[in-house]
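Computation of the quantities below employed the complete heavy-atom set of this structure, encompassing side-chain atoms and omitting hydrogens, waters and symmetry-equivalent molecules.
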Amino acid sequence: LFSATSSFAHDDEDNPLGRSIEKLGSVSFPTSCSSAIQDKFQRGVALLHSFWYSEGEKTFREILQQEPTCVIAAWGYASILMSNPLAGVGASPKGAEAARAALDLARKTGARTDRERDYIEAVSAYYEAFSERPESARVKSRAEAYARLAERYAGDDEAQIFSALYLAGTQSRADQTYAAALKAASMLDRQFMKHPDHPGVAPRHAHRPRDRREHPAEDHVEGDLVDRRVLAADGLGDVGKRAGPGHDQTPASVIWTEK
C-alpha cells in the first residue's frame with residue numbers, strides 16, 4: 001500500500017512557512033502506538049499543522065510501514081493528503097484514492113482506542129463519495145465531523161485546534177459576516193493561551209480576523225487573516241517570499257474560496 005517513493009502531496013506548496021524542521025513548534029497528541037513511534041508521530045502532527053506536505057506524508061507513511069497496528073497514522077496520512085484547508089484546493093483524485101485505501105486498512109486492522117477510531121472516522125467524512133461531491137460539500141462534512149469530535153473530546157486540545165482549522169476552511173467570501181472565520185479565531189485564541197508554541201495555533205493567532213464592529217475601518221479580506229502562513233514571532237517576512245513556487249499569493253484566496 002505504501003511504497004517508499006509514492007507521494008501525493010502538493011509539493012509546490014511544501015513548507016509554506018519557510019521554517020527549518022527544527023522549528024516546528026510543540027504538539028501533544030497521545031496515541032496507543034509503541035514508545036518507539038511516539039516522537040516520530042508527534043513530528044508528523046507538527047508537520048501536518050505546518051502544511052509541510054511531502055515531509056509529513058513521508059513521516060506518516062514510514063510509521064505505518066514500521067508499525068502497521070499504529071492505525072492512527074492512517075488518520076495523519078489522510079489528513080496530509082487533504083492539502084491546505086484554508087486554500088480550497090483539496091485532495092487530488094490520486095491522493096483521495098490513497099487516503100481511502102489507508103483508512104479502509106485502518107478500519108480492518110482496528111483502532112486500539114475509541115478516540116483514535118473517532119479521529120479516523122472524522123477525516124473519513126471528507127473522503128466519503130469523493131468523486132461525487134464538490135470540494136465545498138467535502139469541507140462542510142469535514143467541519144461537521146470535527147465539530148462532533150471536538151464536542152465528544154472536550155479536553156482534547158488537538159481536536160479543538162483541528163476543529164477550528166476545518167471550520168475556518170468553510171468560510172465563504174459571500175458571507176460578509178465572516179462568522180466561520182471569527183468563530184474559528186475565537187477557538188484558537190483559547191488554545192493560544194495554553195499552547196503559544198503550537199504550530200497549528202501561533203501562526204493563525206498572529207493573523208486572526210477581528211470583528212468588523214470593533215475595527216470598522218479595516219478590510220477583513222486584505223488585512224486580518226486566520227492564516228497568512230507566516231509566523232510573526234519568527235520574523236519570517238512576507239508570505240509571498242516564503243510560499244513555494246506557483247502558490248497563489250492573493251491574501252483572500254488563502255482563506256476563502258468561492259462556495
Side-chain angles (χ1 to χ4, degrees), residues 1-11 13-86 91 95 98-99 102-103 106 111-113 115-116 119-120 122-123 146 149 153 156-166 188 191-192 194-205 227 229-231 233-234 236 242-244:
L1 177 60
F2 302 101
S3 71
T5 58
S6 65
S7 178
F8 302 99
H10 295 254
D11 292 328
E13 294 183 9
D14 208 27
N15 187 20
L17 286 176
R19 299 144 97 184
S20 70
I21 205 159
E22 292 80 14
K23 292 185 177 181
L24 287 173
S26 301
V27 302
S28 178
F29 194 112
T31 77
S32 64
C33 305
S34 69
S35 58
I37 293 293
Q38 296 298 333
D39 287 349
K40 193 168 194 174
F41 188 89
Q42 304 307 316
R43 177 176 176 272
V45 176
L47 289 165
L48 170 60
H49 280 298
S50 299
F51 303 156
W52 202 321
Y53 304 122
S54 295
E55 191 65 26
E57 180 186 342
K58 176 184 174 184
T59 298
F60 288 118
R61 193 169 63 238
E62 288 176 350
I63 292 172
L64 288 165
Q65 291 171 336
Q66 184 177 343
E67 188 174 315
T69 56
C70 182
V71 297
I72 187 63
W75 160 82
Y77 180 75
S79 297
I80 281 282
L81 294 179
M82 292 189 295
S83 191
N84 179 358
L86 302 179
L103 294 169
R112 292 169 174 164
T113 69
R115 173 180 172 273
E116 292 179 5
Y119 266 89
I120 289 168
V123 74
Y146 273 87
L149 184 75
Y153 300 97
D156 182 347
D157 289 341
E158 285 296 320
Q160 309 308 311
I161 293 167
F162 279 113
S163 180
L165 173 63
Y166 296 137
L188 291 176
Q191 293 301 319
F192 183 76
K194 295 190 283 184
H195 310 290
D197 191 38
H198 192 291
V201 175
R204 298 169 187 113
H205 180 271
D227 182 11
R229 295 200 277 186
V230 57
L231 253 178
D234 279 358
L236 295 177
R242 295 290 177 175

Spacing of [atom1] belonging to [X] relative to [atom2] belonging to [Y], to within rounding of 0.5 Å:
{"X": "E158", "Y": "L149", "atom1": "CD", "atom2": "CG", "value": "11.0 Å"}
{"X": "Q160", "Y": "Q191", "atom1": "CD", "atom2": "CD", "value": "6.0 Å"}
{"X": "S32", "Y": "E116", "atom1": "OG", "atom2": "CD", "value": "3.5 Å"}
{"X": "Y53", "Y": "N84", "atom1": "OH", "atom2": "CG", "value": "4.0 Å"}
{"X": "I63", "Y": "I72", "atom1": "CD1", "atom2": "CD1", "value": "10.5 Å"}

> What residues form a salt bridge (Lys or Arg N to Asp or Glu O under 4.0 Å) with K58, not counting sequence neighbours?
Replying inline: none
Specify the closest pair of heavy atoms between [X] and [Y], including all atoms of both residues, with the distance to one decimal.
{"X": "I80", "Y": "W52", "answer": "CD1-O, 4.2 Å"}
{"X": "F51", "Y": "P85", "answer": "CE2-CD, 4.0 Å"}
{"X": "C70", "Y": "I37", "answer": "SG-CG2, 4.1 Å"}
{"X": "P199", "Y": "S26", "answer": "CD-O, 3.6 Å"}
{"X": "A106", "Y": "I120", "answer": "CB-CD1, 4.1 Å"}
{"X": "A102", "Y": "Y77", "answer": "CB-CD2, 3.7 Å"}

> Does the side chain of D157 reach to within under 4.5 Å of the side chain of H198, using non-hydrogen atoms?
Replying inline: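 Answer no - side chains too far apart.
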> Quick one: are F162 and D156 in side-chain contact, heavy atoms under 4.5 Å?
Replying inline: no
> Quick one: is the NZ or CZ of R112 closer than 6.0 Å to the six-membered ring centre of Y119, and within 45° of its axis?
Replying inline: no
>> Quiz question: by atom type and distance under 3.5 Å, do the side chains of T31 and Q38 form a donor-acceptor pair?
In response: yes
>> Strictly by salt bridge (Lys or Arg N to Asp or Glu O under 4.0 Å), give each pair with a member in residues 71-85 just once, sequence neighbours left out.
In response: none
> Should the pair F41 and F29 be assigned to parallel (<30°), tilted (30 to 60°) or perpendicular (>60°) ring geometry?
Replying inline: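 Rings of F41 and F29: tilted, as their planes differ by 30° to 60°.
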> Any sub-3.5 Å donor-acceptor pair from E67's side-chain atoms to S34's backbone N or O?
Replying inline: yes
>> For the backbone of P30 and the side chain of R115, can you confirm whether one donor and one acceptor N or O come within less than 3.5 Å of each other?
In response: yes
